[in-house]
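Report on one structure; see the data block that follows.
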Amino acid sequence: MYKMLVVDDESLTRDYLKLTIPQINPGWEVAHVASDGKEALEILDQHAVDLIFTDIKMPVMDGLTLCKIVSKMSPRPRTVILSGHDEFTFAKEAITYGVNEYLLKPIVKEELRIVLERITQDLDKEKSQLLTQQSMQILSEDSKNHVVKNFLKAVIVDSNAEIKVLYPLLFRLKVSLIETEGNLMILSLDEDMILRKSIPYADIPVFKYILQQITTEIVEEGRVFYDSEENTIVLVTGDCQDDLIKQCRAIHAKVADAIYRSTGITISGAIGNCVNDVLRLNSSYRKARKMLMSRLLSGGNSCFAFSDESKDMPSILELDKTMMAIQSGLLDRNETNYMVSVRNYAELMGSYQLPVVYRYGVHLIRNIAAMNPNFTDEGIQAAQTILRKLESPTLQAPSKEEVLLNFYEILKSFILHATPKLDNENEHDLVARAKEYIYSHYSEPISLAIIADTIGVSASYLSNIFHKSVNESYIKFLTRVRMEQAAKLLRARPAEKIIDVSDKVGYVSVKHFSHVFKQHFYMPPGEYQEKQAAALKG
């Protein structure tokens with residue numbers, strides 16, 4: 001129920017409004033009446049109201065002066081002025097004081113009903129917004145941090161379904177994740193050291209939990225979260241790339257020292273590229289993952305910053321290519337292919353000292369295990385047990401052939417523990433169904449996990465066979481489809497708003513859409529649109 005104050009020096013008008021208003025709109029109560037502006041202010045000093053109906057011409061204090069004083073109140077009640085035809089000039093002046101409506105005398109019921117309805121709708125909307133704002137304000141910090149973590153997880157896996165829900169919520173919570181520049185850093189246990197310490201595979205999640213807890217104590221809550229492999233990911237923000245790298249290295253040093261003192265295990269860090277848009281953090285994450293492979297080349301317990309010009313990059317790309325060939329051979333059940341690829345992999349090691357072999361062996365195990373859910377924990381444990389066979393009481397380095405035989409045995413162990421066996425006969429059909437889903441749903445929230453669930457396979461398995469079949473990743477294929485459709489819309493409808501085109505091809509942020517479009521077509525969408533419009537006119 002909304003409350004109203006009626007101010008008029010005519011008792012008949014006051015009585016009429018007090019009787020009529022509740023009949024016209026039951027949501028209103030004429031809670032107070034006053035005969036002039038001075039009396040009205042005395043009432044307002046003691047009672048809060050939602051709306052003031054006031055005449056303009058009154059003794060002691062007129063309605064115009066009352067409106068002027070009320071306009072400075074906080075919170076300010078809505079105001080409606082009553083005026084005769086000859087007082088219209090005064091009515092216009094009153095509107096400059098924030099008066100919401102005015103009615104001419106004599107009052108017409110239908111006009112009164114319309115005015116009350118408009119003000120009621122306005123108050124209802126304001127009340128709803130206030131309740132939402134209050135709810136957000138009382139939302140616990142833990143809840144806010146939970147939203148932030150889920151959003152960041154969704155961003156790094158390109159889960160548009162979750163992004164579309166959580167992105168607007170961040171604005172309502174008034175959470176700004178990146179003010180100027182930001183990047184992601186991966187903190188990962190050096191599992192080769194865990195292996196060398198003969199710690200059971202089943203205990204690794206405990207150490208990963210300890211890593212995240214220690215990191216959370218050092219870094220601002222809400223900026224630390226897990227990825228799908230339970231690595232600890234940290235969002236770091238700053239003013240420039242140099243500042244971000246400096247911050248990341250400092251965080252890694254603190255966390256690494258604390259982890260080593262409490263567990264005796266080392267950790268590696270990998271820093272992605274800088275971005276200025278939170279929706280582009282997936283790029284930073286992918287590059288950090290790529291850079292994490294530097295620990296294969298130079299050992300763990302270090303922090304590696306991404307750079308296209310890094311001396312490690314050619315070796316990383318070659319390792320990536322070789323690992324993909326191993327995975328492809330396994331998916332095809334082509335023993336010749338995966339045996340040859342493993343030999344190439346071993347040759348990239350350079351050294352066969354046990355720490356190096358363990359690093360490469362763990363990397364091999366992890367990549368094979370990640371590509372299909374049918375590779376069980378028992379399979380991983382069995383593979384690690386095989387890798388430990390290379391330990392020698394005399395601490396001599398194994399030979400290249402010993403390493404190769406060991407890696408072959410690991411692959412055969414995985415195949416043995418994959419239950420049921422992979423159905424490689426339907427790979428092309430699965431990829432075709434995935435592509436068909438993308439073509440049909442590119443404008444909707446979509447993710448690799450959603451597609452995988454739809455066609456009945458794991459996301460990691462689909463990612464591998466998709467890349468193998470299409471020769472590009474799922475996200476590149478989806479982006480290309482969306483960009484082609486965006487260009488088609490811009491050509492067909494040169495007057496269409498960019499924000500509408502962005503929405504129609506599945507982007508939740510027009511800024512993000514514009515960035516991707518420019519990367520794809522080498523010009524912003526607005527410029528592309530202008531050129532298409534000019535071409536049509538020509």
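One finds the CD1 atom of Ile271 at 9.5 Å from the CD atom of Gln241 (value rounded to the nearest 0.5 Å). With rounding to the nearest 0.5 angstrom, the CD1 atom of Ile498 is 13.0 Å from the CG atom of Asp503. Interatomic distance, CD1 of Ile233 versus CZ of Arg289, reported as 8.5 Å (0.5 Å rounding). Between the OH atom of Tyr167 and the OG atom of Ser509 there is a distance of 4.0 Å, given to the nearest 0.5 Å. Rounding to the nearest 0.5 Å places CD1 of Ile326 at 8.0 Å from CG of Leu330. To the nearest 0.5 Å, the span separating CG on Asn231 from OH on Tyr226 amounts to 10.0 Å.
Taking the side chain as every heavy atom from C-beta outward, Val275 and Asp277 never approach each other to under 4.5 Å. You'll find the side chain of Tyr260 stays beyond 4.5 Å of the side chain of Ile265, heavy atoms only. With a 4.5 Å cut-off on side-chain heavy atoms, Gln529 and Met523 do not count as touching. Contact annotation: the side chain of Lys435 approaches that of Phe466 to within less than 4.5 Å [non-hydrogen atoms, C-beta and beyond]. Residues Tyr408 and Glu335 are not in side-chain contact: their nearest non-hydrogen atoms beyond the backbone lie 4.5 Å or more apart. Counting heavy atoms from C-beta outward, Ser310 and Ile316 have side chains that stay 4.5 Å or more apart. Side-chain contact between Leu354 and Glu391: present, with at least one pair of heavy atoms (C-beta onward) separated by less than 4.5 Å. Between Ile156 and Leu152, every side-chain heavy-atom pair lies at or beyond the 4.5 Å cut-off.
No donor-acceptor contact under 3.5 angstrom links the side chains of Asn471 and His467, judged on distance only. With hydrogens and angles left out, the side-chain atoms of Arg280 and His515 include a donor and acceptor closer than 3.5 Å. A donor-acceptor pair shorter than 3.5 Å can be found between the side chains of Thr266 and Asp190. Counting only N and O atoms by type, the side chains of Tyr522 and Glu527 include no donor and acceptor under 3.5 Å apart. Side chains of Arg491 and Tyr528: a donor on one and an acceptor on the other come within 3.5 Å. With no hydrogens or angles considered, a side-chain donor-acceptor pair links Ser294 and Asp312 at under 3.5 Å. Donor-acceptor pairing under 3.5 Å is lacking for the side chains of Glu402 and Asn406. Looking only at atom types and distance, the side chain of Ser188 has a donor-acceptor partner in the side chain of Arg295 under 3.5 Å away.
The shortest heavy-atom contact between Ser413 and Ile386 is CB-CD1, 3.6 Å. Across all non-hydrogen atoms, the minimal contact from Ile178 to Glu181 is CG2-C, 3.7 Å. Heavy atoms only, all atoms of each residue included: Ser302 and Gly299 are closest at OG-O, 4.3 Å. Here the shortest heavy-atom pairing between His428 and Ser469 reads ND1-OG, 4.0 Å. Residues Val356 and Met349 share a closest heavy-atom pair of CG1-O, 4.1 Å. Gly238 approaches Asp243 most closely through the heavy-atom pair CA-OD2, 3.4 Å.
In summary, of the residues considered (Thr232, Leu211, Ile210), a side-chain contact (heavy atoms from CB on, under 4.5 Å) with Leu189 occurs for Leu211 alone. Tested against Pro398, the residues Leu404, Val403, Leu405 include a single side-chain contact (heavy atoms from CB on, under 4.5 Å) partner, Val403.
Taking the six-membered ring for Trp and the full ring otherwise, Tyr442 and Phe477 have centroids separated by 6.0 Å or more.
A salt bridge does not link Glu229 with Arg366: every distance from a Lys NZ or Arg NE/NH1/NH2 to an Asp or Glu carboxylate oxygen is 4.0 Å or more. Note on Glu409 versus Lys389: salt bridge recorded, some NZ/NE/NH1/NH2 to OD/OE distance being below 4.0 Å. Between Arg480 and Glu472 a salt bridge is recorded (basic side-chain N to carboxylate O distance below 4.0 Å). A salt bridge is defined here as a Lys NZ or Arg NE, NH1 or NH2 lying under 4.0 Å from an Asp or Glu carboxylate O, and Glu401 with Arg343 meets this definition.
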- Task: I would like to know whether Ile438 and Tyr474 meet side chain to side chain contact (heavy atoms under 4.5 Å, CB included); could you show each step before the answer?
- Result: CA-CA 9 Å; Ile438 291 171; Tyr474 138 80; 4.0 Å; yes
- Task: Could you check Leu364 against Tyr360 for side chain to side chain contact (heavy atoms under 4.5 Å, CB included), going step by step and ending with a plain yes or no?
- Result: CA-CA 6 Å; Leu364 175 67; Tyr360 279 78; over 6 Å; no
- Task: Start with the C-alpha gap between Glu496 and Lys504, add the side-chain angles, then the distance that decides, and say whether salt bridge (Lys or Arg N to Asp or Glu O under 4.0 Å) holds.
- Result: CA-CA 11 Å; Glu496 182 120 25; Lys504 286 177 181 178; 2.6 Å; yes
- Item | salt bridge (Lys or Arg N to Asp or Glu O under 4.0 Å) assessment of Asp429 paired with Arg433 | CA-CA 6 Å; Asp429 291 341; Arg433 288 169 59 194; over 6 Å; no
- Worked verdict on Val501 versus Val510 for side chain to side chain contact (heavy atoms under 4.5 Å, CB included): CA-CA 9 Å; Val501 174; Val510 68; over 6 Å; no
- Task: Using the side chain to side chain contact (heavy atoms under 4.5 Å, CB included) rule, take Phe151 and Leu177 through it: C-alpha gap first, then chi angles, then the decisive distance, then the call.
- Result: CA-CA 11 Å; Phe151 173 75; Leu177 294 175; 3.8 Å; yes
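Note on ring orientation: taking the six-membered ring where Trp is involved, the planes of Phe521 and Phe517 are tilted (angle from 30° to 60°).
Remark: Arg482 is positioned above the aromatic ring of Tyr507, its terminal NZ or CZ atom under 6.0 angstrom from the ring centre and at most 45 degrees off the axis.
For the pair Arg388 (side chain) and Leu195 (backbone), a donor-acceptor distance under 3.5 Å is present.
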